[in-house]
Amino acid sequence: MSQRKKAGPASQNKTQRRSQLLLEEDEDATFSQITSSQAQRARENFTSDQIDHKVAEVVQFILIKDQKKIPIRRADIGKHVIKDYKHIYAEVMKRVCRTFEQVFGLKLVEIDLKQHIYILINKLEPIRGQTVSMHPGNQKMGLLFAILSVIFMKGGTVKENLVWNTLKKLRVDPGEKHDEFGDVKKVVTEEFVRQKYLEYGKIPHTEPVEYEFRWGLRAEKEVSKLKLLEFVGELFDQDPQSWTQQFREASASETSSQST
Amino acid sequence: MSDSRRRSRANQEESGGSTNGVGGQNRPERSGDMGDEDDIGGGPSGISQEDDDPTRRREIRSKYRDLINEVQQNREDMLNPANNKLTDVLEEANKLFANVRQAREAALDAQLLVLATDLGKEKASQLHAEGSSFDPSAFAEHLLSFMDLNRLEDESGMDGNLEGYLPEGAWLKLAKRAENCFRTAPAFHYMLGSFLAEPPPPRQRVERQRRVPSREEKRIMPTQLKKMEESHQEATEKEVERILGCLQRYFADDSEEPISYYEFVIDPNSFSRTVENIFHMSFLIRDGLARMYLENGLPYIAPVEEGEMQPSGAAVRHQCVISISQESWREIIDAFDIKQALIPPP
């Protein structure tokens with residue numbers, strides 16, 4: 001497999017990125033074309049040590065890629081780490097998942113089955129009063145929480161104006177620079193969207209164009225709707241079950257996530 | 001009645017080319033035949049004149065457009081579950097549709113329908129039949145209280161003006177509590193920090209020091225070069241003028257005695273100067289400011305008088321190539337016994 005050297009992501013403009021995406025899609029397609037017999041034969045080509053070494057490399061790659069919380073694409077893993085070991089990709093990934101679960105207490109979840117992107121989530125349930133990490137990016141969790149709650153409580157889709165108005169009441173104005181969050185509009189519509197916490201889409205048939213917010217794929221897997229509803233209940237001093245529809249949805253998603 | 005018919009006929013003739021109704025092509029022909037009676041089953045397309053009436057059609061179209069605008073502008077209002085405005089719009093559209101005969105109006109009707117159904121969908125999704133409602137403003141207020149918002153003593157304003165300010169760690173407090181709802185994987189970082197903190201700063205400093213002097217040098221360079229270049233370009237012209245001046249001075253002193261070309265250009269002290277002189281002389285001759293003539297087999301030069309100058313005097317002009325070598329240069333010096341240069345060096 002030839003190793004093509006490409007310019008770094010910072011210097012790519014849109015057309016380059018698109019063509020690179022197409023190339024990577026081709027590379028990615030070969031993943032699915034590997035038959036099990038090919039995989040079997042390929043596995044015999046490598047020693048157990050080599051495979052373990054490759055597994056360690058993939059684990060490290062994913063851990064570092066996850067720092068920014070941007071989902072990791074299978075094509076990237078293939079291009080940068082796996083390379084020649086493509087045919088035993090399935091075997092390697094199986095061991096990678098096991099390592100994550102047993103060593104780190106993390107789960108590697110494929111959030112988009114079509115585009116094959118992964119995120120890391122915590123396998124362990126968070127305990128009240130204990131901070132998960134001292135990461136400074138944590139500040140934005142509060143902002144994200146507020147937005148996600150509003151979307152969830154309003155049925156899963158809200159128009160962007162509702163979000164902006166709610167934020168304004170929280171003294172966060174998307175038009176101004178915020179002391180802690182900076183360019184709020186950018187953080188919400190770009191950063192959170194890229195991290196797949198939120199989805200920001202156009203509402204069809206609107207003139208001028210309006211946008212709406214939804215939960216992103218990462219949020220679906222990472223956020224516990226039940227716990228979120230609990231917190232909202234605390235804030236309102238109301239029983240979470242009083243929001244029957246939301247409660248039902250939260251319980252359903254809780255059981256489905258526990259089963260995986 | 002007949003007036004309106006005539007008017008509509010005139011309108012038909014004008015708008016015959018622009019409308020895209022099915023009967024459009026037939027119109028110019030039929031307008032000649034028309035009488036005052038209604039022509040049912042008129043042209044080959046089977047569309048009666050009544051249905052084709054452009055005024056009526058324009059009316060219908062304009063009404064449709066009004067409805068569409070109304071839906072778009074008053075979107076929020078239509079979505080309000082408290083009223084039936086959306087249903088009213090649909091009923092209006094229904095009535096209008098009864099008069100629609102051709103594709104153009106039907107397209108507008110379809111557009112209106114698309115808008116209305118979108119709104120209908122949104123309105124339906126707003127129906128939360130069960131459970132208590134959720135008010136985002138109240139939610140925001142509760143969040144602010146959670147973040148220990150310091151409300152000012154006199155709460156004169158209610159919702160409009162945002163009184164009070166959030167304390168320092170407000171969002172951090174919210175983040176900590178909200179974290180609890182997330183199953184975020186902790187971000188990977190080295191526990192003891194990175195080793196590589198030291199080397200980069202010194203390198204930057206050295207580079208900066210090096211860079212500064214070179215920038216200044218570069219700045220000096222272009223200005224110097226520019227000056228030299230300018231002087232170089234003018235040098236030839238200046239030289240030529242200077243030599244012309246010399247020639248004219250000599251001739252002015254003694255207008256009778258012709259000046260030998262060789263005596264004039266040769267510099268017994270420098271061969272290169274001689275060559276330059278010959279070069280500059282050739283400019284003078286080319287420009288018609290001096291002339292060279294043969295006398296007794298020897299070349300003589302003389303400046304051209306003001307009046308003698310013929311701008312288009314190409315008839316008398318000859319071309320020749322003059323060459324000189326060091327040997328011949330010395331020979332001429334010996335032959336003519338040239339002691340000093342007639343053209344002083346610059």
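We name chains A, B, ... by the order of the sequence lines, and we start the count at 1 in each one.
A cation-pi contact, defined as under 6.0 Å to the ring centre and within 45° of the axis, links B/K173 to B/F146.
No part of A/L229 comes within reach of chain B, as not one of its non-hydrogen atoms sits under 4.5 angstrom from that chain. Of the two parts of A/K159, only the side chain, counted from C-beta on, holds a non-hydrogen atom closer than 4.5 Å to a non-hydrogen atom of chain B. With a threshold of 4.5 angstrom between heavy atoms, A/L235 approaches chain B through its backbone and through its side chain. For B/L115, the part sitting under 4.5 Å from any heavy atom of chain A is the side chain, from C-beta outward, and nothing else. Only the side chain of A/E180 comes within less than 4.5 Å of a heavy atom in chain B; its backbone stays farther off. Contact of A/Y197 with chain B is made through the side chain alone, with heavy-atom distances under 4.5 Å. Contact of B/A170 with chain A is not made at all, since no heavy-atom distance falls under 4.5 Å. When heavy atoms are compared at a cutoff of 4.5 Å, A/L162 approaches chain B solely by way of its side chain, counted from C-beta outward.
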With salt bridge (charged side-chain N to carboxylate O under 4.0 Å, His left out) as the test, would you mind laying out the steps for B/R177 and B/E179 before giving the verdict? CA-CA 5 Å; B/R177 175 64 183 87; B/E179 242 178 31; over 6 Å; no
Set out, in order, the CA-CA distance, both residues' side-chain angles and the distance that settles side chain to side chain contact (heavy atoms under 4.5 Å, CB included) for A/R98 and A/V55, then state yes or no. CA-CA 10 Å; A/R98 204 171 58 202; A/V55 167; over 6 Å; no
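Evaluated for a salt bridge (Lys or Arg N to Asp or Glu O under 4.0 Å) with A/E191, the options A/K185, A/K140, A/K196 yield exactly one hit, A/K140.
Within the 6.0 Å centre-distance limit, the rings of A/F181 and B/W171 are counted as a close aromatic pair.
The residue among A/D179, A/L170, A/V223, A/V172 with the most heavy atom pairs within less than 4.5 Å of chain B is A/L170. Between chain B and the residues A/K123, A/Q241, A/K227, the largest count of heavy-atom pairs under 4.5 Å involves A/K227. Annotation: maximal heavy-atom pairing with chain B below 4.5 Å, among A/D237, A/V158, A/V150, A/D66, occurs at A/V150.
A/H53 NE2: 12 or fewer foreign heavy atoms inside a 6.0 Å radius. Around atom CD of A/Q60, no more than 12 heavy atoms belonging to other residues, nucleotides or ligands sit under 6.0 Å away.
With a 4.5 Å cut-off on side-chain heavy atoms, A/F236 and A/F231 do not count as touching.
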